[in-house]
Every structure is written in C-alpha cells, then in structure tokens.
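A, B, ... follow the sequence lines: proteins, then strands. Residue 1 opens every chain.
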Amino acid sequence: MAATIGGYALTIAASISLSNILPLPRSDAVLTAILLSFAFYAGTVLWAFSARTPRRAWVGLAFPSVILACLAWLTRPTGTL
Amino acid sequence: MNETFRQSMAWLHTWAGLLVGWVLFFIFLTGTAGYFDTEIDRWMQPERPLAATQITTAKAIAIGLRRLQDQAPDANRWFIAPPTGRDNPDLRIYWQERPNADGRRGAEKREVLDVVTGEPVTYRDTGGGQLLYKMHYELHYVPSTIAHWIVGIATMFMLVAIVTGLIIHGRIFRDFFTFRPRRGQRSWLDAHNLLGVLALPFHLMITYSGLIFFAYLYMAPIIAATYPEEGRRGFLAEASSGAERVEAANVAAPLASIEPLLAEAERRWGKDQTRDIDIRYPGDANARIILRRDQNALLRRGELLIFDGASGAVLDAVEAAPSTPRVVREALLGLHEGLFAGPLLRWLYFFSGLVSTAAIGAGLVLWTVKRRARLANGRSAPSLGLAVVERLNIGTIVGLPVAIAAYFWANRLMPAGFEGRAAWEAHAMFVAWAILLLHPVFRSEHRAWIEQLWLAAAAFAFLPVLNALTTDRHLGVTLPHGDWALAAFDLTMLASGLAFACVAWVVTCKAPIQAIG
C-alpha cells in the first residue's frame with residue numbers, strides 16, 4: 001500500500017517540481033518529467049519495500065512528498081492558481 | 001549488497017510477478033502476435049489477391065480522390081491512405097459529412113478500394129491481426145480507459161519485477177551459460193533467469209516504452225499542475241505538432257489540383273514517401289490539404305506538409321519532433337511498435353516478444369514448483385493458493401495459445417457472410433479460453449498439462465490443413481507463388497504445433513511429480 005499509493009504521490013510531487021524547475025518551454029518540461037516519472041516511481045517502490053518496517057516506509061515516503069509538494073507550490077509557474 | 005535488502009527485493013519480485021503474471025502473459029503474447037498484424041490480417045481475409053498490384057502513390061491518391069468526389073462531394077473531410085508497403089497494404093479512404101443541423105458530428109464512412117477498378121472491395125468481416133494487436137493494450141469486453149489503467153498497472157509491476165530481478169540476480173553473464181536440465185526446481189529457475197537475461201534490453205525497452213503510450217493518462221496530475229485550466233487538451237495542443245485548426249469559411253472555392261502538391265512533397269521527401277493525405281473542408285475557401293510523410297525512420301511520427309486547399313500554396317512544414325524530449329518520446333514509441341523493422345528485425349522482435357512471454361510463464365511455474373518442493377519435504381501444508389495458481393498457470397500458459405488458435409479456427413469455419421462474424425471470432429477465442437481455465441479444475445494437475453498441451457499441438461498443427469480445406473490460399477499455392485507472408489503464417493502455425501507436441505511428449509513421458517518439478 002505504502003509503496004503503490006505513497007510512491008505514486010511522491011512521484012507526482014517530484015515530477016511536478018521537476019517540470020516547474022526545468023529551464024525548457026513548458027510543454028517540453030512537462031514531457032520530460034513524464035518520461036522520467038516511471039523510473040522514479042519504480043525507484044520509490046523498491047525503496048519502500050527495502051524499508052525495515054511499514055511505518056518507516058510510510059514516513060519515508062510522506063516526508064519527502066510533503067517537502068516536494070511545497071517545492072512544487074513555490075516553483076509553480078506564475079499566473080496559475 | 002546486503003542480504004536483507006536482497007531478500008526484500010526477492011519478496012517484491014515474487015509477489016509483484018505473481019499478482020499480475022497472467023495479465024502480463026496475455027499482454028505479451030497478444031502484443032508479440034501484433035508484430036505480424038498485417039500478415040495475420042491477410043491470412044484472415046483469404047479473398048485478398050495473392051500479390052498486391054504495384055501502384056504509385058500519385059495514382060492511388062487519384063483513384064481515392066475520384067471515389068470521394070463521386071460519393072461525398074459535400075463532405076467536411078476527406079482522407080486517403082495509399083498503399084505504402086507492409087504496414088499499410090491497402091488503398092483506404094475515409095470521409096466525414098458536414099455537421100448536422102443540430103451541431104452533432106457528421107456521419108463517417110471508411111472504404112478499402114481496389115487499385116485496379118477503383119471500386120470498394122468486400123473482404124470477409126474479421127478482427128484480423130489488428131484485433132489481436134489491440135487486445136494487448138485495450139484487452140476485450142472492457143471500456144478502453146479502464147483497460148489502459150489495468151494494462152498500465154500491470155506494466156508498472158513488470159518494470160518493478162525486471163529491476164528487482166536484476167538486483168536479486170546480480171550475475172548476468174555467468175548465468176547466460178548456466179542451464180541445468182532435469183533438475184526440477186533448479187531447471188525452472190535457470191530457465192527463468194536465462195530467458196530474463198537473454199532479452200534483457202528488449203524487456204526493459206518494451207516495458208518502459210509501453211508505459212509512455214498512455215503516460216498522459218497515468219501521469220495526468222503532472223500535466224494538470226502546469227495546465228490547470230486548459231488541462232490535457234491544452235498540453236497536447238502545445239506538445240504535439242499538428243496542423244493548426246482552422247474553421248471553414250463557408251465560401252465555395254474549387255479544390256486545388258493535387259498533383260503539384262505531391263510533386264512538391266516528392267521534391268522534399270523523395271519518391272513515394274507520402275503516407276496519407278488529409279483534406280479539410282474540400283471545396284471551401286479555407287480548405288487545407290495536409291500530406292504526412294511515411295515513417296521509415298525510428299521516430300513514430302512523420303513530418304507534415306500543409307497546403308492551402310484553394311490556392312495550393314505551401315503554408316507550413318511541420319517537423320516530426322522539434323525538441324529533444326519529443327524526439328525521445330517518439331523514438332521510444334517507434335522502438336516499441338517496430339514499424340521500421342524489415343523482415344529480419346521483425347522476426348527478432350517476434351522472438352524477443354516470445355522470450356519475454358516465456359520468461360513470465362517460467363516465473364509463474366517456478367512459483368508453484370518451489371512450493372511443491374516444500375510440500376514434498378513436508379515443510380509446508382497443501383494450500384488452496386498453490387492449487388489455484390497451478391490451475392491458472394495451465395489455463396493461461398497453454399490455454400491462451402489454444403484460444404488464439406481457436407480465433408483462427410473460427411475465422412475459417414464461420415461462413416464468410418455470417419452476420420457479426422468478426423465479433424464471434426473474438427467470442428470463440430474467449431469461450432475457448434474460459435473452458436481451458438476451467439478444465440484443470442476437474443483434472444489432476446499432471447493430466448491437465450498433458451491434455452492441454454496435446455490439444456494445443458493439434459490446434460496449431462492442423463490449422464494449415466484446415467486452411468487448405470477451406471481456401472485456396474494454402475501452402476500448395478502460396479509457396480510456389482513465393483507469397484512469403486501467407487506461407488510463413490501457415491509454417492509458423494505448423495512449427496508452433498510441433499513445438500507444443502514436443503513439450504507434450506516430454507511431459508507425458510515423465511512421472512507426475514517430475515513433470516513440472
């Protein structure tokens with residue numbers, strides 16, 4: 001559960017941050033983030049399953065998710081939301 | 001690498017693989033068949049001429065245009081795809097009538113034209129190779145969006161299984177030369193490893209690129225973050241190079257002559273490089289004529305040439321992939337589909353697909369063999385889970401190929417004019433599969449393997465015979481004609497039948513417990 005859902009949330013947060021930060025035209029930045037997202041997702045799933053306890057996996061996914069979500073918010077393109 | 005990490009990866013590999021193994025087996029097998037989609041189409045429509053008549057792109061387009069002017073002079077859109085070789089053997093046309101008075105989309109119609117007479121041809125109604133190919137991402141009987149999600153999740157599991165498999169394994173090259181036959185569980189592990197390593201680049205490429213096809217669906221939130229208002233539509237408009245949308249002027253103007261436009265395309269791209277021609281608002285002052293280049297290269301998308309449909313002037317030339325991320329995406333999709341592949345490479349794709357399928361099958365069997373061994377050692381009790389997995393394995397690993405054979409049998413046995421026959425071909429496939437999934441429930445495991453394997457051998461080996469009895473497109477005709485696409489279909493079925501017979505024979509000769517372990 002932690003790996004699939006938490007991993008997806010973390011992937012989305014990281015990818016949005018990446019698409020905001022990349023110095024490319026916005027459609028290319030989004031596409032780059034999407035192309036890389038599956039590798040990132042696979043990595044988070046592996047990491048979650050290597051965690052010693054489910055609790056650690058949850059915390060380990062939730063914490064960076066929140067940080068990256070904040071980063072995504074801060075770096076959001078001007079003029080949206 | 002530390003041992004606990006490797007153990008948790010092994011656990012993940014085992015259960016990720018088991019959970020979606022049968023879905024993946026279906027996806028990989030039908031997808032592999034898809035590498036010969038148009039060849040299967042031809043076999044399933046034996047009314048087609050043996051050798052296609054050679055015709056230039058310009059002539060084919062002229063025939064299509066004449067038919068469209070005749071049948072749909074007031075249409076909103078005309079589309080002509082001339083025959084361009086393996087992937088596109090027919091002259092196809094399509095038109096869409098103007099929107100109805102209440103604003104609904106106009107009626108659409110498609111036809112395949114005979115390049116000699118210019119009249120529409122009537123081949124038997126069949127799903128053909130296209131339906132098999134579509135099943136690997138749309139499944140069947142399931143709405144397509146749900147199917148895309150199921151396939152995407154299974155593919156994500158596959159990606160995880162490949163990476164974890166590599167981690168627990170670690171020694172790629174040594175195992176390349178390790179196969180210990182007749183050692184029960186060890187042999188299955190070796191087989192799974194060997195198959196996994198043998199086509200590792202293919203497994204990785206096909207899995208990752210498979211995810212990219214519907215990535216905009218799976219990763220929709222990433223798009224929504226940058227395009228909160230316009231959403232996916234806005235992103236696609238920016239990210240895919242297409243023709244700019246224009247509205248009809250509703251002022252009549254004769255359509256420009258097509259020949260000079262084709263000559264212009266030929267000057268830029270080379271001879272007979274036009275894949276299709278799309279005419280928006282023919283006969284309107286704002287008409288657009290869009291030529292698309294054939295994709296002989298790796299990239300999936302071809303360049304576009306856009307003309308003013310009234311004056312015939314070049315308005316725009318659209319690149320296939322104008323930025324690096326776009327090139328990467330188009331190249332991944334192009335690699336997955338392999339449309340650029342010639343005969344040799346195509347067979348390599350086909351066999352790589354079979355290796356992937358076999359690796360999944362061997363992994364599923366390995367799971368049961370391991371637990372059987374523990375059972376034999378008295379280290380565990382018989383469980384329902386093991387029995388269920390064993391039964392599903394038989395019904396999928398042997399049952400699904402038989403079901404595909406049933407699809408071909410149905411194509412030959414149903415009368416050519418039978419109402420709804422294309423749908424019934426697919427029903428035949430899934431009814432056969434359902435029966436073979438149920439059959440092992442009533443038999444001992446060993447008997448079920450033997451019976452289904454012999455059935456598979458017969459189902460494939462006798463297909464060429466059935467073909468000879470019901471059509472005049474059998475090996476006795478196709479071989480002397482040198483029609484290798486049709487001959488190769490029959491020969492492949494024969495080879496598959498023999499392969500199943502060999503396995504069936506080996507399993508029959510073995511003692512029950514040895515048979516699969």
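With hydrogens and angles disregarded, a donor-acceptor distance shorter than 3.5 Å links the side chain of His203(B) to the backbone of Leu195(B). Between the Ser352(B) side chain and the Ala199(B) main chain, no donor and acceptor come within less than 3.5 Å of each other. Although no hydrogens or angles enter the test, the distance criterion places a donor-acceptor pair under 3.5 Å between the side chain of Tyr218(B) and the main chain of His148(B).
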Exercise. Under the side chain to side chain contact (heavy atoms under 4.5 Å, CB included) rule, what do Arg232(B) and Tyr227(B) come out as? Steps first, then yes or no, please.
Key: CA-CA 7 Å; Arg232(B) 183 145 67 141; Tyr227(B) 297 85; over 6 Å; no
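Of the listed residues Ile12(A), Leu31(A), Val45(A), the one with more heavy-atom pairs under 4.5 angstrom with chain B than any other is Leu31(A). Considering only heavy-atom pairs separated by less than 4.5 Å from chain B, the leading option among Ala33(A), Pro25(A), Ser37(A), Ser19(A) is Ser37(A). The candidate with the highest count of non-hydrogen atom pairs below 4.5 Å against chain B, out of Thr32(A), Leu18(A), Leu35(A), Leu24(A), is Leu35(A). Your options are Ile212(B), Leu332(B), Val163(B), Ile153(B), and the one with the most heavy-atom pairs under 4.5 Å with chain A is Ile212(B).
Heavy atoms closer than 4.5 Å to chain B are found nowhere in Leu22(A), neither backbone nor side chain. Contact of Leu159(B) with chain A is made through the side chain alone, with heavy-atom distances under 4.5 Å. With a threshold of 4.5 angstrom between heavy atoms, Ala39(A) approaches chain B through its backbone and through its side chain. Interface remark: Tyr208(B) contributes side-chain atoms only to the contact with chain A (heavy atom separation under 4.5 Å).
Ring to ring, Phe213(B) and Tyr137(B) are not that close: their centroids are 6.0 angstrom or more apart.
Looking only at side-chain heavy atoms (C-beta outward), Phe235(B) and Ser27(A) come within less than 4.5 Å of each other.
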